[in-house]
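The block underneath contains the structure these notes are about, expressed in structure tokens.
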Amino acid sequence: MTYDLTTIGEGQIRLTVNKGERLLSANSLRMTAACSEANVSGLLAQLGHPVSWASKMPAGDLAERVLSEFRSVGVDLSNMVRAPEGRVALYFMEPGEFPMPGKVTYDRMHTAFRTASIDDFNWDSLFDTRVVFVTGITAALTDDTARLIRYFVDGAAERGIDIVLDVNYRSMLWDPDDACRILAPIAHKASVLFCSRRDAATVFGIDGDGPTSCRKMREHFGVPQVVATDQCNGVYYSSASTGELTFDVERVPVIDRPGAGDAFVAGTLHGFLTSTVLDGIQYGLRTAKFALTHHGDLTHISPAELAIPVTTDIVR
Ligand SMILES: O=C(O)C(=O)C[C@H](O)[C@H](O)COP(=O)(O)O
């Protein structure tokens with residue numbers, strides 16, 4: 001097996017407004033790379049996992065800026081598809097400061113990735129893996145990218161490869177009915193499902209407190225393991241053998257928020273790949289906190305830093 005995890009997603013540039021400014025009046029922006037699937041790959045690569053992130057990117061410096069950020073931490077880019085034309089996706093971010101909420105402005109139409117088709121990718125390589133990781137963000141972009149993700153998941157299921165789905169619902173990309181229609185069949189095939197309590201209610205109409213929502217998702221989709229987040233209120237886990245478990249989340253100062261959710265998923269998958277999802281949740285609670293301490297979606301962390309007991313994470 002060449003890879004521990006393979007994944008497909010749209011590489012982007014994030015342009016973030018400095019604290020104390022608004023997009024309408026800002027005259028400088030911080031440039032970092034973004035992509036949920038690449039963020040997860042980048043953290044796992046730093047923890048020693050062979051991971052491949054595939055995307056479709058045009059030539060040029062903007063694409064290189066994205067690729068070099070993930071290449072620099074050891075993500076395998078040999079499955080990257082290069083497009084003769086098309087844009088690199090951008091997204092602008094106002095972090096928000098109480099009482100002003102954060103705000104995302106997408107500029108991701110007409111991108112090279114939107115033209116990605118099943119024929120573009122080297123599936124022998126992408127299926128040479130222990131885990132196929134997909135998110136709702138990529139499935140949300142176009143009918144073609146939804147088809148791509150479905151092909152990836154169906155191929156993985158046929159080959160007995162573990163499928164991990166992070167629902168990651170983005171209301172600016174699609175509506176709950178479409179998300180449910182595309183993501184529910186994927187959830188049914190998943191070995192591990194990540195879904196926030198809020199997304200469970202919005203997309204699947206699954207309500208309840210954290211443990212109840214988590215159990216209902218496991219039963220509804222027949223997924224062996226479900227991990228649900230609920231901002232700072234807790235992390236919830238459900239499996240048939242353990243029932244429902246709740247983990248406290250520690251509040252820490254925030255330098256830069258985007259990427260913390262992906263860091264949590266990556267930390268949890270580090271546990272899935274090396275021991276158990278339950279161990280992974282402890283890693284994930286740590287990597288998510290580390291993610292908040294520095295700029296950029298990609299969390300920089302070494303195996304030694306992951307091992308330092310900086311946490312008061314408690315299982316109840
Ligand atoms: O493509 C999009 O629409 C994205 O949102 C990409 C995001 O930058 C990351 O996926 C961060 O997400 P969190 O880790 O939940 O903060």
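Each ligand, and each atom within it, is numbered from 1 in the order the structure gives.
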Open item on the list: For a side chain to side chain contact (heavy atoms under 4.5 Å, CB included) check, start with the C-alpha distance between L43 and I301, then their side-chain angles and the critical distance, and finish with the verdict.
Closed with: CA-CA 7 Å; L43 200 145; I301 186 171; 4.0 Å; yes
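Checked against a 6.0 Å centroid threshold, the rings of F221 and F204 count as neighbours.
Taking distance alone, with nitrogen or oxygen atoms compared against 3.5 Å, Y91 approaches ligand 1 more closely than that limit.
Using the six-membered ring where Trp is involved, F152 and F127 have ring planes that are tilted, between 30° and 60° apart. H270 and H49 have perpendicular rings, their planes meeting at more than 60° on a 0 to 90° scale where under 30° would count as parallel. A perpendicular orientation is assigned to the rings of F264 and F194, their planes being inclined by more than 60° (bins at 30° and 60°).
Heavy-atom proximity to D262, at under 4.0 Å, picks out these atoms of ligand 1: 9 (C), 10 (O), 11 (C), 12 (O), 14 (O). Ligand 1 places these atoms under 4.0 Å from at least one heavy atom of P258: 16 (O). Heavy-atom proximity to A260, at under 4.0 Å, picks out these atoms of ligand 1: 14 (O), 16 (O). The ligand atoms of ligand 1 that sit less than 4.0 angstrom from a heavy atom of S36 are 10 (O).
The shortest contact between atom 3 (O) of ligand 1 and any protein heavy atom is with Y106 OH, 2.4 Å. At the top of the distance list for atom 12 (O) of ligand 1, counting protein heavy atoms only, stands R170 NH2, 3.3 Å.
Nearest-heavy-atom check against atom 4 (C) of ligand 1 across V104, D256, I137, V265 picks out I137. Looking at T135, N39, D297, it is D297 that brings a heavy atom closest to atom 8 (O) of ligand 1. Closest heavy-atom approach to atom 16 (O) of ligand 1 among the candidates G136, G259, G261: G259.
Of the heavy atoms in R108, only side-chain atoms (C-beta onward) come closer than 4.0 Å to ligand 1. Residue contacts with ligand 1, taken as heavy atom pairs separated by less than 4.0 Å, involve Q12 solely via side-chain atoms from C-beta onward.
Donor-acceptor pairing under 3.5 Å is recorded for the side chains of Y237 and Q225. Looking only at atom types and distance, the side chain of S191 has a donor-acceptor partner in the side chain of D162 under 3.5 Å away. Donor-acceptor pairing under 3.5 Å is recorded for the side chains of E10 and T111.
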